[in-house]
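Taking it in order: structure first as structure tokens, then the write-up.
Note that ligands are numbered from 1 as they come in the structure, with each ligand's atoms numbered from 1 the same way. Residue indices begin at 1 and follow the sequence shown.
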Amino acid sequence: VTWVVGVDIGGTNLRVAALVDGARAGAVRRPLAGARTVEAVVELAAAAVAEVTAGAPADAAIPVGVGVAAMLADRRGTIAVAPNLGWRDVAFGPALAARLGDRHRVGVYNDVNAIAFGEFVAGAGRGARDVLTVFVGTGIGGGIVADGALIEGATNCAGEIGHLKIARGPDAARCGCGGRGCVEAYVGGAALLARIHRELAAGACPAVVAAAGGVAAAHPGHVDDAAATEPWADALWTACADDLALALGHAITLLNPDRLVLGGGVLAGAPRLRARTVAALDALVPEAHRRPLTITAAELGDDAGWIGAAHLAARGVSLV
Ligand SMILES: [Zn+2]
């Protein structure tokens, strides 16, 4: 019997669960509110790991995989920046490993990389070999599985599709990463919402404001509903689909995946935007790349992160 634990450190919750011979066993969810220092999160995670492994043999070596919304610094568990937690240059993997003791080795993974691997093993990427996963939520994240393995990169930052540039020069939009012209700065949920509110406040489309019940309540779902009838929404969605497709097209041309898994709140709530983005890919990707490509929606929801982190740890990826 083999045990492995997956941990997902999200914006509001810590989720921990075990896989025993690949089957889920035990699941714990703890709110992160009030527990955001490194020490507090280490304690919270360690207690939850102990809880979900209480039934394991005392001498079993149990790897622990952790997915976290962060830019990583290396393959040894160092977090460069975790905006949700306010962390910078934190050796989280070694700290958790030290707290857990000799039974457990720990792997730390970017959240979307973990999600991508979870979807590859157990979700929308099942049966494929080369999978590109892209989530459009508050930001835009990605994960690359090539020939069945996660591509981590030299500093564990591979897959950061949100920071592919789609514009250059002094007028290009500023991004949270410090750069300019990143696709996330145009179509990421936070940037998109700001743009929608700014244009609606300037009088762009009273029908959308009325449907939403005010400018501040308007979200991409309202624009999606209006895209078939309102010229402003139609034009905005065409521009956004073209921007997103440009980044996706570059990645597909470079990686030649057989599966593209699309997920995240923005695309899930905006089916017209998703459909236009997929349609726009045809003009941006060579036929040899487009032909083998199947495009699917993410399937595992909130479970993808811990499942993927557990499977990465089980394979020994970047353990400390
Ligand atoms: Zn950026």
Side-chain angles (χ1 to χ4, degrees), residues 9-11 67-75 78-90 92 108-116 132-145 150-199 219-220 236-237 239-255 257 260-268 270 273-274 277 280-281 284-285 298 305:
I9 302 176
V68 58
M71 186 88 84
L72 301 177
D74 54 35
R75 299 187 188 181
T78 310
I79 290 172
V81 189
N84 295 334
L85 295 160
W87 294 359
R88 204 167 260 282
D89 300 321
V90 169
F92 182 76
V108 178
Y109 317 108
N110 166 270
D111 59 341
V112 185
N113 276 355
I115 287 168
L132 173 65
T133 297
V134 178
F135 268 56
V136 183
T138 305
I140 300 178
I144 302 160
V145 172
L150 179 73
I151 301 301
E152 295 175 278
T155 53
N156 220 337
C157 293
E160 290 281 4
I161 190 171
H163 304 289
L164 289 189
K165 308 298 184 260
I166 60 166
R168 291 188 293 178
D171 294 332
R174 280 186 188 281
C175 179
C177 72
R180 281 183 184 274
C182 304
V183 64
E184 176 175 305
Y186 291 86
V187 205
L192 187 54
L193 199 61
R195 179 173 178 183
I196 289 167
H197 289 173
R198 189 172 61 243
E199 295 190 13
H219 59 66
L236 178 59
W237 255 204
C240 288
D242 284 348
D243 286 347
L244 187 55
L246 187 58
L248 289 172
H250 285 155
I252 290 163
T253 304
L254 187 67
L255 299 168
L260 170 64
V261 177
L262 293 175
V266 170
L267 292 180
L273 176 61
R274 185 187 193 282
T277 301
L281 284 176
L284 295 166
V285 175

Not counting sequence neighbours, which residues clear side chain to side chain donor-acceptor pair (under 3.5 Å) with Asp74? List them please. Thr78

Report the C-alpha separation of Leu85 and Ile79 in whole Å, then their side-chain angles, then the decisive distance to 0.1 Å, and conclude whether the side chain to side chain contact (heavy atoms under 4.5 Å, CB included) test is met. CA-CA 11 Å; Leu85 295 160; Ile79 290 172; 5.8 Å; no

Qualifying residue for side chain to side chain contact (heavy atoms under 4.5 Å, CB included) with Val187, from Thr277, Asp242, Asp243: Asp243

Filter on side chain to side chain donor-acceptor pair (under 3.5 Å), then keep only pairs touching residues 181-199, sequence neighbours left out; what's left? Arg195-Glu199, Glu199-Trp232

Between Arg75 (side chain) and Gly153 (backbone), is there a donor-acceptor pair under 3.5 Å? yes

Residues at least two apart in sequence or cross-chain that pass ring pair (Phe, Tyr, Trp, His ring centres under 6.0 Å) with His163, listed by chain then number, are none

Check which protein N, O or S atoms are less than 2.8 Å from the Zn ion (ligand 1) and report how many there are. 4

